[in-house]
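In what follows, a structure is listed as structure tokens, so that the remarks can point back to it.
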Amino acid sequence: GEFIKVAKKSEIPDDTGKLVQAGGQDIALFKAGGKVCAIHAVCPHQGGPLDEGGINGKLVTCPWHGWEFNVQTGACDFNDSIKIPLFRVKEEGEDVYAEV
């Protein structure tokens, strides 16, 4: 994969996500545990925008139907067999890169 600059750390809200696009993919960026996490921005349930969900600790809640996903592992909170794709993140100073 190739790392592409997708945002500045200061552009990512503390309480929700930021939608970015890289390599033709919709990526949701979140701050969790002092690090930036990048996940596929579309909920597998019915296509809800995960980037618009609220984040509490490591869990983002889909704003459409309340499904929760761990932004560090991609695992669904109530069913480990449901996972969303993660993107590797590299932080260099204020710049955030995602691998696509």
Side-chain angles (χ1 to χ4, degrees):
E2 170 190 6
F3 280 95
I4 297 174
K5 183 178 170 186
V6 291
K8 291 210 173 292
K9 221 172 165 177
S10 59
E11 297 172 339
I12 305 167
D14 290 328
D15 57 349
T16 187
K18 174 175 177 57
L19 178 65
V20 296
Q21 289 170 327
Q25 311 229 37
D26 287 343
I27 301 171
L29 301 176
F30 295 92
K31 290 179 185 169
K35 293 188 172 150
V36 175
C37 299
I39 63 171
H40 185 60
V42 180
C43 182
H45 175 225
Q46 289 189 345
L50 290 175
D51 57 283
E52 295 176 16
I55 184 156
N56 186 352
K58 298 181 282 200
L59 292 179
V60 60
T61 303
C62 180
W64 285 9
H65 301 105
W67 283 34
E68 292 185 318
F69 296 91
N70 183 317
V71 297
Q72 294 176 333
T73 66
C76 181
D77 188 47
F78 64 84
N79 184 342
D80 280 352
S81 69
I82 301 171
K83 285 199 187 293
I84 47 172
L86 302 176
F87 298 89
R88 284 192 22 211
V89 171
K90 193 165 62 174
E91 296 179 51
E92 291 179 4
E94 258 295 286
D95 295 333
V96 177
Y97 297 82
E99 185 181 33
V100 292

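Keep in mind it's a predicted model, so treat the numbers as computed, not measured.
- The backbone N or O of P63 lies less than 3.5 Å from no partner atom in the side chain of E52, so there is not a single donor-acceptor pair.
- Using a 4.5 Å cut-off on side-chain heavy atoms (C-beta onward), I27 and H40 make no contact.
- Residue N79 qualifies as enclosed at atom CG: its count of foreign heavy atoms under 6.0 Å is above 12.
- Atom NZ of K35 has 12 or fewer neighbouring heavy atoms from other residues, nucleotides or ligands inside a 6.0 Å radius.
- One distance of note links CG of L59 with CG of N70; it measures 6.0 Å at 0.5 Å rounding.
- The hydrophobic clustering, which links ILVMFWY residues whose side-chain heavy atoms are closer than 4.5 Å, places V20 and F87 together.
- Residues I84 and P44 have side chains in contact (heavy-atom distance under 4.5 Å, counting atoms from C-beta outward).
- Nearest heavy atom pair, residue K9 against residue V36, reads CG-CG2, 3.9 Å.
- Within 6.0 Å of the CG atom in N56, the count of heavy atoms belonging to other residues, nucleotides or ligands does not exceed 12.
- F30 approaches G53 most closely through the heavy-atom pair CE2-O, 4.0 Å.
- Of all non-hydrogen atoms in Q46 and W64, the two that sit nearest each other are O-CZ3, 3.2 Å.
- Distance check, rounded to the nearest 0.5 Å: NZ of K31 to OG of S10 gives 7.0 Å.
- Between I39 and L86, the shortest heavy-atom distance links the atoms CG2-CD2, 3.5 Å.
- Between the Q72 side chain and the K58 main chain, no donor and acceptor come within less than 3.5 Å of each other.
- Here the closest non-hydrogen pair linking V89 and F3 is C-CE2, 4.1 Å.
- A salt bridge is defined here as a Lys NZ or Arg NE, NH1 or NH2 lying under 4.0 Å from an Asp or Glu carboxylate O, and K18 with D51 fails to meet this definition.
- Side-chain atoms of W67 and L50, non-hydrogen and from C-beta on, never get closer than 4.5 Å to each other.
- In this pair, H45 and H65 present their aromatic rings perpendicular. The plane angle is above 60°, beyond the 30 to 60° band.
- Taking every heavy atom of both residues into account, I4 and G23 meet most closely at CD1-N, 4.1 Å.
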